[in-house]
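Quick notes on the structure that follows.
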Number of protein chains: 2
Amino acid sequence: MKLKEFAKKVGLSPTTVSRALSGYPEVSETTRARVAEAAMRLGYSPNVNAVRLKTGRAGAIGVVMGRAGEFHFAEFMAGMAERLVAEETDILVIPMADPNHEDEMQLYRRLVESRRVDAIIVHSPKPNDERIALLHELGMPFLVHGRSAIDVPHAWLDIDNEAAIKRATSHLIDLGHRRIAMINGRPGATYALHRDSGYRMALQSHGIEPDAQLIANGNFTDELGFRFARSFLEQPNPPTAFVAGSMMTALGVYRAVRSLGMQIGRDVSVIAHDDVFPYLTADNMVPSLSATRSSMRAAGTRCADLVLQLLSGRSPLEIHELWPVELILRESTGPARPSSP
Amino acid sequence: MKLKEFAKKVGLSPTTVSRALSGYPEVSETTRARVAEAAMRLGYSPNVNAVRLKTGRAGAIGVVMGRAGEFHFAEFMAGMAERLVAEETDILVIPMADPNHEDEMQLYRRLVESRRVDAIIVHSPKPNDERIALLHELGMPFLVHGRSAIDVPHAWLDIDNEAAIKRATSHLIDLGHRRIAMINGRPGATYALHRDSGYRMALQSHGIEPDAQLIANGNFTDELGFRFARSFLEQPNPPTAFVAGSMMTALGVYRAVRSLGMQIGRDVSVIAHDDVFPYLTADNMVPSLSATRSSMRAAGTRCADLVLQLLSGRSPLEIHELWPVELILRESTGPARPSSP
DNA sequence: GCAAATAGCCAAACCGTTTTCAATTTTAGA
DNA sequence: TCTAAAATTGAAAACGGTTTGGCTATTTGC
């Protein structure tokens, strides 16, 4: 049903009906109630496309999805959804063809120009991320999930990866570990750099020299967790502890350790980063996994919230949130055993 | 830049420009090329909201996301994205507030009325799924990922869960197993019923009576996999094999088996369903996991494809795809050991 | 009691396209 | 060369709302 038609049924002008439904103050409370009731009863709702054309708002927040099919992604979106469900805002998932840089920038440019979204959430930024520069230049509201060192004003929410990993590493050192391996995410993203930095800071503040032989980067898969852990453990001077980038990585590490006949928490300690997934919990692993923990879902919820604030006029400069990360100690960490000489 | 403005720069009428860009045949090849070039050079692209209002197309396919934050979801969407990236079609993720039935139907109704999507993909249908009836009634194009027995014409794509599980179960029986546990998904969805049916068919055709004590339903989480497997194994007459609903469930089962000092593939056999995730592969588990396998990503790609066909006029009645499921045998399955009497 | 202010409502313009219908130019046929 | 048919192009009318500015009633202030 169209506005005109509906307005006629209610016995009012389209103008008044439109205002009544949008909650403008110039319409009396009685009329508003009457209109609202009639809309509900007759099932009238404005054509979104007309509204969007007229108002220039798209009613959607864009999220660019890479090809990798990250398992974090669904959880983050579920969090966003939690916040947006009450709002009249959807999540628009934009597929990214190739992780090719040129194409990616083109994608963002077109996305902005197409006006399909009111705001964009940028994931896994790099220290000098051109997407941020571009979006700023194009005047598109956006929020960065993660951090960038780029000199362009932007809103962001990040977890304190550096502090988290520093603390995790320090804890391992306090337990007596000296050879601590680090399985990080893909190089380039700020979060990976921060984690690396936290790792190195912890080592160096205890006078331990980082060993390139114990540091690896790659996707968060169980397979890489296994391969890296296995190759580290087979070195002449193997690590006695691991810092792993994700739950999947941790699964791989567990397997590698076991496959060599060693025991997690006794022969080898493991701390991983846990984004809190309902389907795979650190607490239920055997032995239970010590983890740096921060809810990806909560981040999604908050990011959606912040984007809405951004859209209602709050300055990006005011929106900077750094979330602390918990360190939960469980059974996968234990004192270093005196190495056999 | 607006069409009018752009048309002026090119020295043509808005009409012709619009036609040139949309590929209508009435415009000469030379002009089309000229317009296309100018559009690229000047960065003109039509305002989507205007186009949508005028054409009535939304340019998006809707996917309703439950609160559960399924890990399958991201993979399916990544698959869709693979197909849609070349198309001018986005994925609209609609958050679902409560899994409350009333609300869910209301959500679908509103989604249709809002005209934000051209088509909807319905996941995990039930045998008599009211969403299907509703969408059909409202005349919204939709595709069901999974199957429903409802007597309403609809397009669907499903994997052959029944045959897959029947085959997996039969294989276990052939290996000599008689006590085979089944950890299925949440009850209600057709896929769970089909799996249950496949399981029972296999048992019964070998003269084995299904034992309710060995059948469980629940979310696909490692925790439930562990809990169910553990409780089954602690029964007086424990199972010697498991059919598990997902990779996460399998992780839990593995843990449970190990925690009781038994060995997967020797003391207990396991077959799980593998949706093929890049971050957790059956092949890399230890021992490697025998699995019924079907790529969730490929399903997403194909579903997107079929939806596009649906939108370009193909009848839903013609669109019925039942995908066979592979059974990959690895190390987690082995002959039943003679039980100690 | 009267002017001014305030509510409450409406007509019409506009958002930026697509598309119908008509006009114009080209091409083909005789 | 002229005419009918075909190929191009344009003007203007939608699409379905929101919003500006104006117009009546009704209050309010003095």
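Chain naming here is simple, since letters A, B, ... match the order of the sequence lines and numbering starts at 1 in each.
Here the options are B:Y191, B:W323, B:F76, the test is ring-ring contact (aromatic ring centres under 6.0 Å, His included), and the partner is B:H145; only B:F76 passes.
Between the side chains of B:T31 and B:S28, a donor-acceptor pair is found at a separation under 3.5 Å. Inspection of the A:S13 and A:T16 side chains reveals an N or O donor paired with an N or O acceptor under 3.5 Å.
Residue B:A50 places its side chain closer to C:dG16 than to any other of C:dC14, C:dA12, C:dG16. In this structure, the nucleotide among D:dG10, D:dT18, D:dG16 sitting nearest to the side chain of B:L53 is D:dG16. Closest to the B:T15 side chain, of the nucleotides C:dT19, C:dA12, D:dC15, is C:dT19. Of the candidate nucleotides D:dT18, C:dT18, D:dC15, D:dC15 has the atom nearest to the side chain of A:K2.
Residue B:S28 places no side-chain atom within donor-acceptor reach of the base of D:dA7, judged by atom type and a 3.5 Å distance cut-off alone. One cannot find a donor-acceptor pair under 3.5 Å joining the base of C:dA11 and the side-chain atoms of A:S13. Checked by distance alone, B:R19 brings a side-chain donor or acceptor within 3.5 Å of a matching partner on the base of C:dT20.
B:Y44 comes within 4.0 angstrom of the backbone, heavy atoms only, and of no base. The residue B:T55 sits close only to the backbone: its heavy atoms come under 4.0 Å of sugar-phosphate atoms, none of a base.
Between B:Y24 and D:dT8 there is no side-chain polar atom (N or O) within less than 4.0 angstrom of OP1 or OP2. The side chain of A:S18 places no N or O atom within less than 4.0 Å of a non-bridging phosphate oxygen (OP1 or OP2) of D:dT19.
Here D:dG17 presents its P atom at 10 Å from CG of A:N49, a figure rounded to the nearest Å. Between B:E5 atom CD and C:dC15 atom C1' there is a gap of 15 Å when expressed in whole angstrom units. Per the geometry, CG belonging to B:N47 stands 6 Å off C1' belonging to C:dG16, to the nearest Å.
Between A:F277 and A:F71, the distance separating the two ring centers is shorter than 6.0 angstrom.
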Point to revise | Working for salt bridge (Lys or Arg N to Asp or Glu O under 4.0 Å), residues A:R32 and A:E29 | key: CA-CA 5 Å; A:R32 181 194 318 295; A:E29 204 41 62; 3.5 Å; yes
